[in-house]
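Contents: one structure, followed by commentary.
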Amino acid sequence: MPLLKVRNIETYYGPIMAIKGVSFDVEQGAIVTILGANGAGKTTILKTISGVMDPEKGSIEFMGQPIEGLPPDRIVRLGISQVPEGREVFHDLTVKENLMMGAYPRKDRDGIKKDLQMVYGYFPILGERTAQLAGDMSGGQQQMVVIARALMARPKLMLLDEPSLGLSPLLVKEIYAIIKRINTEQKTTILLVEQNAPMALSTASHGFVLELGRIVMDDSCDALLANEDVKEFYLGIKEEGVRGERRWKRKKKWR
Amino acid sequence: MELLNEILQTVLSGISIGCVYGLVALGFVLIFKATEVINFAQGELLMLGAFISYSLIGLLHFPYWAALAVTVIVMGLLGTLLERTVLRSLVGEPVYAIVIVTIGLSYFLRSMVSMIPGWGTDTYGFQTPFAEKFIRTGKLVISWEYLAIILITTALIFLLFSFFRYTRVGTAMRATSQNQLAAVYMGISVTRVFSLTWTIAAALGGIGGILLSPITFVHMNMGFIGLKAFPAAVLGGFGSLPGAIVGGLIIGITESLAGFYLPEGWKDIAAWIILIGVLIIRPQGLFGIQEKKKV
Ligand SMILES: Nc1ncnc2c1ncn2[C@@H]1O[C@H](COP(=O)(O)OP(=O)(O)O)[C@@H](O)[C@H]1O
Ligand SMILES: [Mg+2]
């Protein structure tokens with residue numbers, strides 16, 4: 001049984017249909033990625049899973065239990081934590097207070113203490129800056145705060161929304177290495193949403209390509225890396241030929 | 001010495017009334033920070049608290065401290081109830097519409113009080129343990145009536161500060177006011193935060209009422225204190241809790257001095273003159289920062 005089972009969800013912004021019948025599974029223990037250009041609907045999918053938005057149609061099952069339509073605070077308590085895009089720290093709280101907010105639903109004081117140390121192990125800079133206001137940190141450090149904060153909830157499934165956005169290539173590498181470690185060492189299942197296809201595909205095991213609210217490809221990351229369309233449109237590796245025509249033909253083939 | 005005593009008395013009474021302005025201003029700021037709504041019924045919550053404590057002490061002969069505790073609890077519950085019944089159904093409506101509803105609420109509370117048997121439109125008073133008690137040191141005379149207000153307010157501020165600073169729920173409330181969406185992702189129930197905010201604001205109103213009663217007596221129009229507390233909140237930066245208290249104190253002291261040394265009439269506009277003066281020099285208020293608020 002997959003940890004997360006999404007079936008035919010349709011999500012709207014008012015009259016605008018942003019997600020047009022998306023289905024996919026996330027297996028226990030995996031890192032799965034959804035690739036898509038800006039505006040494809042990646043964030044909307046994550047918001048629909050975490051309950052911030054409700055799907056008009058379709059179902060979402062987490063550990064065999066339907067969760068669509070539940071309020072977001074219930075879904076967090078079931079074990080799904082979202083790391084929102086754009087490094088949404090609590091800017092006037094200290095690093096430690098930010099992390100403790102991640103543990104908000106938990107009552108096990110000893111466990112929380114241990115996990116603080118665990119998180120400082122992954123992000124040593126946070127351990128050195130516990131009393132600093134999160135708003136005064138650099139972009140990379142804020143990205144670490146939001147990932148660490150989500151980890152503090154001890155989620156079974158972590159939803160990561162474009163962790164590479166706006167960071168230097170070096171920092172992106174560093175953060176992805178930590179994401180990989182969290183997945184293997186903490187057994188946290190990860191659903192990763194990205195525009196940065198090279199990074200995501202080399203980290204995840206399975207990938208989906210999302211275009212205009214629809215999944216157009218579904219394959220192992222190795223296969224996606226080798227795919228001509230992915231190479232051209234997501235990895236920026238162009239081939240010879242009349243570009244406009246190629247693009248049109250390729251897109252046509254996906255539908 | 002005579003003059004010094006006079007000034008001291010005036011300042012002291014200014015500080016004590018300023019404490020009450022500060023408490024009402026705190027109510028404004030708390031609700032604004034959490035929900036972006038300005039609650040124009042905050043003064044009426046104080047008025048209701050005053051009537052409740054009058055009933056408890058004057059009619060039912062409760063001891064002062066018991067009456068204080070019961071008033072806080074009853075007002076807190078009323079705040080919760082108001083949020084559940086009125087405000088929650090308005091979530092998602094434009095802020096100006098909700099603000100208008102709070103104005104309606106203030107009228108509603110005033111007419112309700114005027115219709116309740118035993119309350120009505122008369123002016124009432126009740127005994128406090130501090131009445132007619134003084135501390136004398138040499139020529140200086142300090143009235144317990146004023147001192148008690150200052151001490152109780154100080155204790156209350158200390159409590160509130162500790163709550164927001166050190167408790168899990170208090171921190172969650174600060175987090176929610178800084179970044180509502182991120183708070184939702186933490187599993188914080190924003191609805192419960194709003195509800196708790198109204199509970200606290202109404203309880204503060206209740207305490208303000210019981211504190212103010214010995215000075216202005218209990219009457220239907222006590223809520224107009226909001227007209228002084230509002231500039232106090234703006235003076236402090238409208239978004240800063242310490243700012244609300246400091247703003248209240250500044251307005252209380254100035255008003256008291258103006259009432260004593262300036263011709264009739266200046267007292268009531270002193271608050272607004274200071275506000276305009278400060279805003280010309282520092283448009284964001286004394287403690288205001290350009291907040292990078294994310295919703
Ligand atoms: N708040 C909103 N109101 C209306 N439309 C929105 C809103 N947020 C996103 N959209 C639209 O929904 C689509 C998907 O957006 P989003 O999920 O944010 O994409 P992505 O995360 O892949 O960049 C886009 O076309 C976008 O314009
Ligand atoms: Mg997005």
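Residue numbering restarts at 1 for every chain, and letters A, B, ... go by the order of the sequence lines.
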Does any N or O in the side chain of A:Arg77 come within less than 3.5 Å of the main-chain N or O of B:Gly187, such that one atom is a donor and the other an acceptor?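 Yes, because the side chain of A:Arg77 sits within donor-acceptor range (under 3.5 Å) of the backbone of B:Gly187.
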Check whether any side-chain heavy atom of [X] sits under 4.5 Å from a side-chain heavy atom of [Y], and report yes or no.
X        : Y        : value
A:Asp73  : B:Ile188 : no
A:Leu93  : B:Gln178 : yes
B:Tyr185 : A:Arg149 : no

Does [X] have more than 12 heavy atoms from other residues, nucleotides or ligands lying within 6.0 Å of its [atom1]?
X        : atom1 : result
A:Tyr13  : OH    : yes
B:Phe108 : CZ    : no
A:Arg7   : CZ    : yes
A:Lys96  : NZ    : no
A:Arg106 : CZ    : yes

List the atom of B:Val184, the atom of A:Val76, and the distance in Å for their closest heavy-atom pair.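 Nearest pair, atom of B:Val184 first, then A:Val76: O-CG2, 4.2 Å.
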Can you name the nearest heavy-atom pair linking B:Arg168 to A:Lys107, along with the distance?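 Closest approach of B:Arg168 to A:Lys107, heavy atoms only: NH2-CE, 4.0 Å.
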Give a yes/no verdict on a cation-pi contact between B:Arg174 and A:Phe90, requiring under 6.0 Å between NZ or CZ and the six-membered ring centre and an angle within 45° of the axis.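 Not flagged: B:Arg174 not positioned over aromatic ring of A:Phe90.
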Which bit of A:Met100 is near chain B, if near means a heavy-atom gap under 4.5 Å: side chain, backbone, both or neither?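 Answer is neither: A:Met100 stays 4.5 Å or more from chain B.
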Would you please say whether a donor-acceptor pair under 3.5 Å links the side chains of B:Asn179 and A:Glu88?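 Looking only at side-chain atoms, A:Glu88 and B:Asn179 do form a donor-acceptor pair, the distance falling under 3.5 Å.
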Nearest 0.5 angstrom please: A:Met101 CE to B:Thr176 OG1, how far?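 Taking CE in A:Met101 and OG1 in B:Thr176, the distance rounds to 8.0 Å.
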